[in-house]
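Read the structure below first, then the notes.
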Amino acid sequence: MRKSEGSGGTQLKNRARGDYDQRTSSTTQIKHRNAVQGSKSSLSTSSPESARKLHPRPSDKLNPKTINPFGEQSRAPSAFAAIYSKGGIPCRLVHGSVKHRLQWECPPESLSFDPLLITLAEGLRETKHPYTFVSKEGFRELLLVRGASEKAVPLLPRLIPVLKAALVHSDDEVFERGLNALVQLSVVVGPSLNDHLKHLLTSLSKRLMDKKFKEPITSALQKLEQRGGSGSLSIIKSKIPTYCSICC
């Protein structure tokens, strides 16, 4: 009888111990689960910087110091903007109540066209203020000075590729500035432009397909013919057969 009681007591003790171990294991699992959930919660509410460290972007791996490689601040300034900011363009924009104007540091007629005229022509491709105004107005005013023809003609081989770059630009305003600059140049250099004209007419021919540019391009071609003399007509017709001469 005592043995039976002893055996039963042992079984009860073992069962109690098993229940205790099971409860302990369940408690441990719950604590572990809560800890994991808390860790995930803290990660989700942490700063973007922490999230970026845990899940780095491809750009961060390539350049860890780069915050936003495609941001506006990461873009280097254009050549014209850099020259202007360093004082390489001897004029500044003056904001008027009605319209803006340029203030030259010295009389424009005393300035050398090389490389100033070319630099201003390069600035025609700018799309931001004040570079757009400075380049456009500076180019125009420089060609108005006395003796501009003698200074500009030797620069034509270097000026034409720069003007062509503006004429093939995708931005409509850049194209218009390039077209106006070409007409202004033709007034100054006259027939000397004929030898280089064919390099510019292809881009004008393509833009003629756009209705909004048909009239200004036609007007520009007429002025090129007028300033270029009889030799210019055959050059224009060779690239733009639909052009009608002003002599017709």
Side-chain angles (χ1 to χ4, degrees), residues 72-193 195-197 199-200 203-204 207 213 216-217 219-220 223-224 226-228:
E72 189 70 25
Q73 294 179 351
S74 65
R75 297 178 183 176
S78 65
F80 182 84
I83 294 174
Y84 181 77
S85 63
K86 294 179 181 178
I89 310 297
C91 62
R92 284 294 178 268
L93 174 64
V94 177
H95 294 272
S97 57
V98 179
K99 62 179 183 179
H100 305 323
R101 64 180 181 85
L102 290 182
Q103 179 177 340
W104 294 88
E105 297 176 1
C106 55
E109 55 269 17
S110 66
L111 296 172
S112 172
F113 276 31
D114 187 6
L116 181 56
L117 187 64
I118 299 173
T119 302
L120 290 168
E122 291 174 343
L124 296 173
R125 300 197 303 273
E126 293 290 336
T127 57
K128 294 182 179 180
H129 185 78
Y131 312 124
T132 52
F133 181 85
V134 172
S135 59
K136 175 185 67 174
E137 188 64 17
F139 188 87
R140 186 187 72 84
E141 291 187 13
L142 203 59
L143 288 177
L144 291 177
V145 303
R146 182 179 302 175
S149 177
E150 292 77 7
K151 295 180 179 181
V153 169
L155 299 179
L156 286 177
R158 295 157 60 192
L159 269 175
I160 298 306
V162 177
L163 290 178
K164 182 180 179 179
L167 293 174
V168 300
H169 201 282
S170 59
D171 189 286
D172 289 347
E173 292 184 0
V174 172
F175 170 77
E176 290 175 351
R177 286 194 292 271
L179 185 64
N180 291 331
L182 175 60
V183 172
Q184 293 161 8
L185 183 64
S186 70
V187 173
V188 174
V189 301
S192 297
L193 187 61
D195 294 337
H196 311 275
L197 198 55
H199 301 294
L200 304 172
S203 57
L204 297 185
R207 291 275 186 166
F213 289 122
I217 291 177
S219 176
K223 292 176 181 177
L224 291 174
Q226 183 180 7
R227 297 295 179 177

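- Closest approach of Ala121 and Leu159 over heavy atoms only: CB-CD2, 3.8 Å.
- Among residue pairs with one or both ends in residues 136-152, those qualifying as salt bridge (charged side-chain N to carboxylate O under 4.0 Å, His left out) are Glu137-Arg140; sequence neighbours excluded.
- The heavy-atom pair separating Phe80 from Ser135 by the smallest distance is CZ-CB, 3.9 Å.
- Between the CG atom in Leu193 and the CG atom in Leu200 there is a gap of 7.0 Å [rounded to 0.5 Å].
- Heavy atoms only, all atoms of each residue included: Gly178 and Ala166 are closest at CA-CB, 4.0 Å.
- Taking CZ of Arg125 as the start and CG of Leu167 as the end, the distance is 11.0 Å to the nearest 0.5 Å.
- Rounding to the nearest 0.5 angstrom, the gap separating the CG atom in Leu111 from the CG atom in Leu117 is 11.0 Å.
- The ring-ring contact (aromatic ring centres under 6.0 Å, His included) check on Phe213 picks up Phe175, with sequence neighbours excluded.
- Residue Pro216 comes nearest to Leu179 through the heavy atom pair O-CD2, 3.9 Å, listed as atom of the first residue, atom of the second, then distance.
- For the atom pair CD of Gln103 and SG of Cys91, the computed distance is 9.5 Å after rounding to the nearest 0.5 Å.
- Looking at residues two or more places apart in sequence or on another chain, you find no salt bridge (charged side-chain N to carboxylate O under 4.0 Å, His left out) involving Arg92.
- Two residues are said to be in side-chain contact when any heavy atoms from C-beta on lie closer than 4.5 Å; Tyr84 and Pro130 meet this criterion.
- Sorted by first then second residue, the ring pair (Phe, Tyr, Trp, His ring centres under 6.0 Å) pairs that include residues 140-162, not counting sequence neighbours, number zero.
- Residues forming a ring-ring contact (aromatic ring centres under 6.0 Å, His included) with Phe113 (at least two apart in sequence, or on another chain): none.
- If you take CG on Asp114 and CG on Leu155, they are separated by 5.0 Å, rounding to the nearest 0.5 Å.
- Considering only residues two or more places apart in sequence or on other chains, Ser110 meets the side chain to side chain contact (heavy atoms under 4.5 Å, CB included) condition with Cys106, Pro107.
- Remark: His199 engages no residue in a ring-ring contact (aromatic ring centres under 6.0 Å, His included) (not counting sequence neighbours).
- By the side chain to side chain contact (heavy atoms under 4.5 Å, CB included) test, Thr127 pairs with Asp171, Val174, sequence neighbours left out.
- Note on ring orientation: taking the six-membered ring where Trp is involved, the planes of His129 and His100 are tilted (angle from 30° to 60°).
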Show which side-chain atoms of residues 181-192 pair as donor or acceptor with protein atoms under 3.5 Å away, not counting sequence neighbours.
residue: Ser186; atom: OG; partner: Val183; partner atom: O; Å: 2.6
residue: Ser192; atom: OG; partner: Val189; partner atom: O; Å: 3.4

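- The distance from atom OG1 of Thr119 to atom CD1 of Ile83, rounded to the nearest 0.5 Å, is 4.5 Å.
- For Phe139, there are no ring-ring contact (aromatic ring centres under 6.0 Å, His included) partners, not counting sequence neighbours.
- Within the structure, side chain to side chain donor-acceptor pair (under 3.5 Å) pairs that include any residue of residues 172-181 comprise Asp172-Arg207, Asp172-Lys212 (at least two apart or interchain).
- Under the side chain to side chain donor-acceptor pair (under 3.5 Å) criterion, Arg101 pairs with no residue, sequence neighbours left out.
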